[in-house]
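Computation of the quantities below employed the complete heavy-atom set of this structure, encompassing side-chain atoms and omitting hydrogens, waters and symmetry-equivalent molecules. First the proteins, then the strands, lettered A, B, ... as listed; each starts at 1.
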Protein chains: 2
Amino acid sequence: MSDSNLVNSLKFENGLIPAIVQDAETRDVLMFAFMNKEALQLTAETKIAHFWSRSRKSLWKKGETSGHYQYVKEILTDCDEDVVLLLVEQVGGACHTGYRSCFYRTIDGKTVGEKVFDAEDVY
Amino acid sequence: MSDSNLVNSLKFENGLIPAIVQDAETRDVLMFAFMNKEALQLTAETKIAHFWSRSRKSLWKKGETSGHYQYVKEILTDCDEDVVLLLVEQVGGACHTGYRSCFYRTIDGKTVGEKVFDAEDVY
């Protein structure tokens with residue numbers, strides 16, 4: 001990772017920063033997760049998205065099990081420097097349910113997303 | 001708000017749910033904030049985005065001061081039902097700094113966003 005001040009000034013809350021992942025091509029919002037500093041550093045260095053799993057309390061290389069890696073094209077931050085936005089090339093689908101995006105339903109329960117793989121074949 | 005089960009099953013953590021706001025037309029991610037239940041209900045009912053300001057500890061109707069309202073076209077949720085994604089029509093700019101999107105810089109410090117108003121004229 002570069003030593004620019006912006007990277008070093010990013011604000012982690014209880015060691016974590018929220019990360020939004022957007023498909024660089026379709027511009028769909030694919031998922032939302034958290035990163036700790038190590039996950040962000042690994043993401044910036046390897047250009048493959050890494051997160052911190054709060055439930056498993058462990059570093060998580062997205063796609064490790066499924067092969068559905070996220071190749072990172074750009075990392076943006078917001079005005080307050082307390083959120084990051086990853087623009088990625090998504091292999092397969094981002095969602096463990098088989099949908100391309102985790103945001104595949106409206107809050108009224110209507111399915112709007114596209115299923116791209118069968119979760120049972122992958123996990 | 002409708003009484004669908006999905007709305008009622010949304011998961012709030014310490015009373016809050018993360019909300020990503022995306023421009024329905026340009027597909028830019030505009031901002032990230034939190035909602036409490038009341039903010040989500042008001043958003044769904046009025047179709048104008050409301051949030052919970054953690055710093056001010058108060059309900060916040062986006063655009064109240066600036067007139068830069070977010071007219072909500074659709075509200076999506078993710079597989080875990082613990083994040084919401086608002087697709088909006090953004091009046092003016094989403095960011096208090098004058099940029100169209102809060103995500104106007106890369107973490108390397110490069111400005112990539114577009115300035116659409118002068119913050120000093122608005123606030």
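Under the 4.5 Å side-chain contact rule for hydrophobic residues, B:Leu30 and B:Val91 do not share a cluster. Note on A:Val29 and B:Val84: separate hydrophobic clusters, where clusters join Ile, Leu, Val, Met, Phe, Trp and Tyr whose side-chain heavy atoms are under 4.5 Å apart, directly or indirectly. A single hydrophobic cluster is seen to contain both B:Trp60 and B:Val21, as judged by linkage of ILVMFWY side chains at heavy-atom distances under 4.5 Å, directly or through other members. Clustering ILVMFWY residues whenever any of their side-chain heavy atoms sit less than 4.5 angstrom apart, transitively, puts B:Phe34 in the very cluster that holds A:Leu16. In terms of hydrophobic clustering, with Ile, Leu, Val, Met, Phe, Trp and Tyr side chains grouped at heavy-atom distances under 4.5 Å, B:Ile17 and B:Trp52 are assigned to different clusters.
Residue A:Thr26 touches chain B through its backbone alone, counting heavy-atom pairs closer than 4.5 Å. With a 4.5 Å cut-off on non-hydrogen atoms, A:Thr97 touches chain B through its side chain but not through its backbone. Within the 4.5 angstrom heavy-atom criterion, no atom of A:Asp82 approaches chain B. At a 4.5 Å heavy-atom cutoff, the contact between A:Ile75 and chain B is made by backbone and side-chain atoms alike.
In this structure, B:Leu76 and A:Arg105 have side chains that are not in contact, with every pair of non-hydrogen atoms separated by 4.5 Å or more. For the pair B:Ile107 and A:Leu10, the minimum side-chain heavy-atom distance is below 4.5 Å.
With a 6.0 Å radius and a threshold of 12 heavy atoms from other residues, nucleotides or ligands, A:Lys57 has its NZ atom at or below the threshold. For A:Lys110, the NZ atom counts as loosely surrounded, since its 6.0 Å shell holds 12 or fewer non-hydrogen atoms of other residues, nucleotides or ligands.
Each of A:Leu87, A:Thr77, A:Val83 was evaluated against B:Phe103; a single residue qualifies, A:Val83, per the side chain to side chain contact (heavy atoms under 4.5 Å, CB included) test.
In this structure, the separation between CG on A:Asp80 and OG on B:Ser55 is 8.5 Å, given to the nearest 0.5 Å. Taken to the nearest 0.5 Å, the CE atom of B:Met31 stands 8.5 Å off from the SG atom of A:Cys79.
Between chain A and the residues B:Glu74, B:His96, B:Arg27, the largest count of heavy-atom pairs under 4.5 Å involves B:Arg27.
Side-chain atoms of B:Gln22 never come within 3.5 Å of backbone atoms of A:Asp28 as a donor-acceptor pair (strictly under, hydrogens ignored).
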Step by step, work out the side-chain contact (heavy atoms from CB on, under 4.5 Å) result for B:Ile20 and A:Phe32. CA-CA 9 Å; B:Ile20 302 163; A:Phe32 172 84; 4.1 Å; yes

Please test B:Tyr104 against A:Asp78 for side-chain contact (heavy atoms from CB on, under 4.5 Å), starting from the C-alpha separation and ending with a verdict. CA-CA 7 Å; B:Tyr104 60 87; A:Asp78 72 336; over 6 Å; no

